[in-house]
Participant: 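This is the structure I have questions about; it appears just below.
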2 protein chains.
Amino acid sequence: MNQAVSEEHARRLSRLDIEAIEMFISFLKLIGLPKSVGEIYGLLFVSSQPLSMDDLIEKLQISMGAASQGLKLLRSVGAVKVVYTPGERRDHYVADLELSKFAASFIKEELNPRMQRALERIERMEKEALLMEEPEKAVAFQRIERLKHWMERGQKMMPWILRFLVS
Amino acid sequence: MNQAVSEEHARRLSRLDIEAIEMFISFLKLIGLPKSVGEIYGLLFVSSQPLSMDDLIEKLQISMGAASQGLKLLRSVGAVKVVYTPGERRDHYVADLELSKFAASFIKEELNPRMQRALERIERMEKEALLMEEPEKAVAFQRIERLKHWMERGQKMMPWILRFLVS
DNA sequence: CAGAGATTTCAATAAAAAATGAACAAGCGC
DNA sequence: GCGCTTGTTCATTTTTTATTGAAATCTCTG
């Protein structure tokens with residue numbers, strides 16, 4: 001991780017750039033985003049001007065494909081905006097500084113769908129448990145109760161977290 | 001994901017088992033835990049008796065290594081307890097039903113260390129920014145302020161979440 | 001509207017992460 | 001202490017995920 005950004009890149013990346021990039025690689029990995037996305041966002045975050053895809057490819061030494069896909073993802077999450085630079089052919093990109101967008105997207109794309117599926121699953125589990133014989137049956141229902149309890153807890157917490165983030 | 005648990009296993013796993021296992025595979029993956037850990041915890045969670053490592057290997061069709069390491073991890077997190085069964089040679093394991101342990105461990109093992117490193121990084125970033133020339137300098141400090149703001153926000157939120165989980 | 005530049009897509013490749021299984025160690029009962 | 005059962009470790013293999021790069025597509029602009 002300390003050598004996440006190699007010497008080669010240092011030619012064009014400042015130390016500030018590198019610190020920011022490593023920081024975002026580390027945090028975005030936490031929510032399952034690949035290194036290249038962390039690199040792109042990190043660099044845009046510290047850059048004082050908008051950067052073109054070419055700038056990113058050159059400074060970060062990543063491929064066209066990675067740059068294009070990374071930007072696509074970051075745009076879809078609202079973490080990066082396109083800036084139309086008049087007289088410039090290529091699009092330029094800036095970081096939206098609202099970091100909550102990552103968390104919000106994680107909740108919306110990863111957490112909520114799973115909770116939805118979990119609720120369906122719990123219903124099926126209850127149906128299965130009804131068919132069981134008695135010593136195990138009671139245990140099964142107790143465990144399923146537990147799951148429901150945690151789901152409710154999660155669902156109560158989520159809007160609170162979102163409000164806190166957006167504030 | 002639908003075929004996460006193959007037909008072969010179904011011979012010995014009930015439908016209830018499979019639902020629980022798939023559910024935990026899905027949630028634990030979210031915090032970066034491998035499938036085998038989800039399988040083990042899921043099965044222990046619905047099982048009405050303590051299970052030995054051999055039971056897990058047989059029912060889940062996983063290797064000794066995976067079982068041993070998975071149990072080690074789950075024990076270290078407090079999500080699984082050893083039950084000494086008198087007269088039995090092998091150790092038996094039960095799931096601790098307190099699901100908050102996963103979240104607490106994630107915060108402790110993954111989130112907090114990163115935040116710590118991020119704080120150090122921010123200090124270094126401020127030192128670097130001091131050396132910059134003026135138009136960029138102001139921008140750099142503005143961005144660094146942002147980072148600090150989010151760090152503080154995160155640090156304020158964390159104890160609250162933990163309290164909520166443990167309650 | 002032709003053609004160059006810019007971007008996207010996606011099959012192939014590389015890198016990272018997880019699972020296997022055999023060698024090793026620990027612990028129990030005789 | 002010896003032999004057997006149980007549990008751990010770790011180098012190797014397998015699986016999964018991310019990256020590359022070349023072909024296809026889109027889009028300005030002259």
Side-chain angles (χ1 to χ4, degrees), chain A residues 1 3-6 8-9 21 24-26 28-42 50-76 80-93 109-110, chain B residues 1-6 8-9 21 24-26 28-43 50-76 80-93 109-110:
Chain A
M1 178 59 55
Q3 279 313 83
V5 178
S6 77
E8 188 140 351
H9 305 164
I21 290 167
F24 281 105
I25 289 175
S26 161
L28 297 197
K29 183 190 254 173
L30 211 58
I31 60 174
L33 297 181
K35 192 172 111 177
S36 61
V37 172
E39 293 178 295
I40 294 169
Y41 185 79
L51 300 178
S52 70
M53 213 173 92
D54 248 31
D55 294 334
L56 293 168
I57 290 168
E58 173 144 342
K59 293 208 189 185
L60 298 171
Q61 307 266 88
I62 59 179
S63 69
M64 264 206 279
S68 173
Q69 298 200 142
L71 284 169
K72 183 180 176 185
L73 188 154
L74 287 165
R75 253 157 27 218
S76 83
V80 155
K81 302 282 182 230
V82 184
V83 173
Y84 296 100
T85 320
E88 271 277 8
R89 185 67 193 278
R90 1 182 126 148
D91 279 345
H92 282 62
Y93 303 93
E109 308 290 332
E110 304 286 335
Chain B
M1 180 58 57
N2 3 6
Q3 279 314 82
V5 179
S6 77
E8 187 139 353
H9 306 163
I21 289 168
F24 281 105
I25 288 175
S26 161
L28 297 197
K29 184 191 253 174
L30 211 58
I31 59 173
L33 297 181
K35 193 171 110 176
S36 61
V37 171
E39 294 179 294
I40 295 169
Y41 186 79
L43 183 52
L51 300 178
S52 69
M53 213 173 93
D54 248 31
D55 294 333
L56 294 168
I57 290 167
E58 175 146 342
K59 293 209 186 181
L60 298 170
Q61 308 266 86
I62 58 180
S63 68
M64 262 207 279
S68 173
Q69 297 201 138
L71 284 169
K72 184 181 173 183
L73 189 154
L74 287 165
R75 254 158 26 221
S76 83
V80 156
K81 303 280 182 230
V82 183
V83 174
Y84 296 100
T85 320
E88 272 277 9
R89 184 67 192 279
R90 6 183 122 144
D91 279 346
H92 283 63
Y93 303 93
E109 308 289 332
E110 303 287 332

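Note on naming: letters A, B, ... go to the chains in the order of the sequence lines (proteins, then strands), and numbering restarts at 1 for each one.
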Participant: Mind checking the NZ-CD1 spacing from B:K35 to B:I21? Nearest 0.5 Å is all I need.
Facilitator: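 It is 11.0 Å, given to the nearest 0.5 Å.
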
Participant: What integer distance in Å separates B:M53:CE from C:dG27:C1'?
Facilitator: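 So the CE-C1' distance, B:M53 to C:dG27, works out to 15 Å.
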
Participant: Take atom CD1 of A:I40 and atom P of C:dT7, then tell me their distance rounded to the nearest Å.
Facilitator: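 Going from CD1 in A:I40 over to P in C:dT7 covers 13 Å.
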
Participant: For D:dT6, does OP1 or OP2 lie under 4.0 Å from any side-chain N or O of B:R90?
Facilitator: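 Indeed, a polar side-chain atom of B:R90 lies that close.
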
Participant: Does the side chain of B:Y93 come within less than 4.5 Å of B:V82's, by heavy atoms?
Facilitator: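 B:V82 vs B:Y93: side chains touch.
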
Participant: Given atom CG of B:L51 and atom P of D:dG7, what is their separation to the nearest angstrom?
Facilitator: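 For the pair B:L51 CG and D:dG7 P, the rounded distance is 13 Å.
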
Participant: Roughly, in whole Å, what's the span from CD1 in A:I57 to C1' in C:dG5?
Facilitator: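 Rounding to the nearest Å, CD1 of A:I57 and C1' of C:dG5 are 13 Å apart.
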
Participant: Is B:D91 touching bases, backbone alone, or none of the nucleic acid, heavy atoms closer than 4.0 Å?
Facilitator: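 Sugar-phosphate, no base atom in range.
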
Participant: Give every pair of a protein N or O atom and an N or O atom of nucleotides 17-21 of chain D that lie under 3.5 Å apart, one pair per line with the distance.
Facilitator:
| residue | atom | partner | partner atom | Å |
| --- | --- | --- | --- | --- |
| D:dT19 | OP1 | A:S36 | N | 3.2 |
| D:dT19 | OP2 | A:S36 | OG | 2.7 |
| D:dT20 | OP2 | A:S63 | N | 2.9 |
| D:dT20 | OP2 | A:S63 | OG | 3.1 |

Participant: What is the distance from atom CG of B:L56 to atom CD of B:Q61, rounded to the nearest 0.5 Å?
Facilitator: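 If we round to the nearest 0.5 Å, B:L56:CG and B:Q61:CD are 12.0 Å apart.
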
Participant: Can you find a pair of side-chain heavy atoms, one from A:D91 and one from A:M53, that are under 4.5 Å apart?
Facilitator: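 No, too far: nothing below the 4.5 Å cut-off.
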
Participant: For D:dT8, does either OP1 or OP2 sit under 4.0 Å from a side-chain N or O belonging to B:R75?
Facilitator: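 Checking B:R75 against D:dT8: at least one side-chain N or O falls below 4.0 Å of OP1 or OP2.
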
Participant: Could you give the CG-to-C1' distance, from A:L71 to C:dT7, as a whole number of Å?
Facilitator: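 These atoms are roughly 10 Å apart.
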
Participant: Which distance, rounded to the nearest 0.5 Å, do you find between the CG of A:L71 and the CD1 of A:I40?
Facilitator: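 Here the interatomic distance stands at 5.0 Å.
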
Participant: Between B:S52 and A:R89, just flag the one whose closest nucleotide in DNA chain D comes earlier from the 5' side.
Facilitator: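 Its nucleotide being nearer the 5' end, the pick is B:S52.
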
Participant: Write down the distance between CG (B:L73) and C1' (D:dT9), rounded to a whole number of angstrom.
Facilitator: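 For the pair B:L73 CG and D:dT9 C1', the rounded distance is 15 Å.
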
Participant: Rounded to the nearest 0.5 Å, what separation is found between the CD1 atom of B:I31 and the CD1 atom of A:I31?
Facilitator: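 Reported to 0.5 Å precision, the distance equals 15.0 Å.
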
